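Sequence lines set the chain letters: A, B, ... in the order given, protein chains first and strands last, and positions in each chain run from 1. Because the structure is predicted, anything quoted here is derived from the model rather than measured.
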Number of protein chains: 2
Amino acid sequence: MVRAGLSPERLTRAGVELADEVGFDQVTVSALARRFDVKAASLYSHLKNSQELKTRIALFALEELADRVAAALAGRAGKDALEAFANAYRDYAREHPGRYAAARLRLDPETAAASAGMRHSQMTRAILRGYDLTEPDQTHAVRMLGSVFHGYVSLEQAGGFEHSAPDAQESWVWMVDSLDALLRTRSTP
Amino acid sequence: MVRAGLSPERLTRAGVELADEVGFDQVTVSALARRFDVKAASLYSHLKNSQELKTRIALFALEELADRVAAALAGRAGKDALEAFANAYRDYAREHPGRYAAARLRLDPETAAASAGMRHSQMTRAILRGYDLTEPDQTHAVRMLGSVFHGYVSLEQAGGFEHSAPDAQESWVWMVDSLDALLRTRSTP
DNA sequence: CTAATTTGCCTATAGGCTGTAGGCAAATGC
DNA sequence: GCATTTGCCTACAGCCTATAGGCAAATTAG
């Protein structure tokens, strides 16, 4: 009986791919075991439980998304940075719907603190440096950007803009434009 | 053996309450049966399957939320209407997290068409009458408002603003203010 | 008012997922 | 080569969805 060569890392990787294929909430220990042609019970030597699997996938997605956003932001400022940030976010969600859903998993405080979550908020704040906002406006703006991008991507993924004109892409551009204008209005140079 | 007096309507009502108590995705046929002190199999005379239960709860929530928003909007216009709309939305999510989650369930096209979903987009458009937007800006604005309100409420519910100052309420007011300013900027009287 | 029918909830059952316990064989170390 | 460790296995228990068929309560008909 040849061994499958399981490990937490390989299981996480496969879980990440499974999430994109069948949806994050369809990721189960059973389905993952089938993918390795192994019995479900065997996975419990490598994973404490299914929650740990989901958390690992979420952490992977948060990290990957942060990397992408960081790459997109490199060398950009102002509206350019805002657009790059917005598009990195939306593109990731479109390319990897399961990973994006995973990234929204609610983590327990200590896991969240050790996650790439901090990088995300730091990068959002970095964008706002181009707009000269002072506290508490900066925090308000961070929350607003997070809300609008997440909200849009989430509604788009749910098919909310599918059967109506104009194209979702147009609204996205309009929205990012509008946010840029708004932030410039709020800036105190 | 005294009968429990089940019906699709009573089951839906109880499901709605269960959703707020334990979370929408913890609503199961089994849990609902326990609540009526009845075996799970008995519910299948009244419900086709668990999907139907969830859909019914979603439709109830959409309707109830639309009613609330309609009441909040009555007699208001402009920024006043925008604030009322925003608050009706957020308050509902805070008071009834399970119902709010249910309202976000993806419905199949024909069910969606027969739902209160249309009322929601019509009411959003009604608010924008106060800002003299022309197409396609109006559609873009409808999508943006939907995104930002849903996004904020969703992040707030996920605890995203819990451990940081200032209070989530302050950011909300700031955001609604900003959206009003933005829409006025975009208006073409 | 009783008898027939319908309706409502039951038990039994099957299949899927999570998770634990204990077993055997492959890999590793001495 | 032999002992130990490791990895995946079977078996099982508990909970969930869903179907089939049964019996008794409620309703309708004569």
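Side chains of B:Arg13 and B:Arg56 form no contact here, defined as non-hydrogen atoms less than 4.5 Å apart.
In this structure, B:Glu110 places its CD atom where only 12 or fewer heavy-atom neighbours from other residues, nucleotides or ligands lie under 6.0 Å away.
When each of A:Thr124, A:Thr139, A:Leu179, A:Asp137 is tested with A:Met144 by the rule side-chain contact (heavy atoms from CB on, under 4.5 Å), just one qualifies, namely A:Leu179.
Interface residues of residues 42-57 of chain A facing DNA chain C, ordered by number: A:Tyr44, A:Asn49, A:Ser50; criterion, heavy-atom separation under 4.0 Å. Within residues 21-35 of chain A, no residue places a heavy atom under 4.0 Å from DNA chain D.
The side-chain hydrogen bond (donor to acceptor under 3.5 Å, both in side chains) search around A:Arg129 returns none, not counting sequence neighbours.
Ring geometry for B:Tyr100 against B:Tyr89 counts as perpendicular: the plane angle is over 60°, on a 0 to 90° scale with 30° as the lower cut.
The separation between B:Asp37 atom CG and C:dG8 atom P is 19 Å, rounded to whole Å. Atom CG in A:Leu11 sits about 12 Å away from atom P in D:dG7, given to the nearest Å. Rounded to whole Å, the distance from NZ on B:Lys39 to C1' on D:dG22 is 16 Å. The CG-C1' distance, from B:Leu6 to C:dC10, rounds to 12 Å in whole Å.
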Ignoring hydrogens and angles, write down the donor-acceptor pairs under 3.5 Å from the side chains of residues 23-37 of chain B, residues two or more places apart or on other chains.
from	atom 1	to	atom 2	distance (Å)
B:Thr28	OG1	B:Ala31	N	2.9
B:Arg35	NH1	B:Glu21	OE2	3.4
B:Arg35	NH2	B:Glu21	OE1	2.6

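Side-chain heavy-atom separations under 4.5 angstrom define the hydrophobic clusters, and A:Val173 shares its cluster with no other residue.
Contacts classified as ring pair (Phe, Tyr, Trp, His ring centres under 6.0 Å) and involving residues 57-85 of chain B (residues at least two apart or in different chains) are given here: B:Phe85-B:Phe149.
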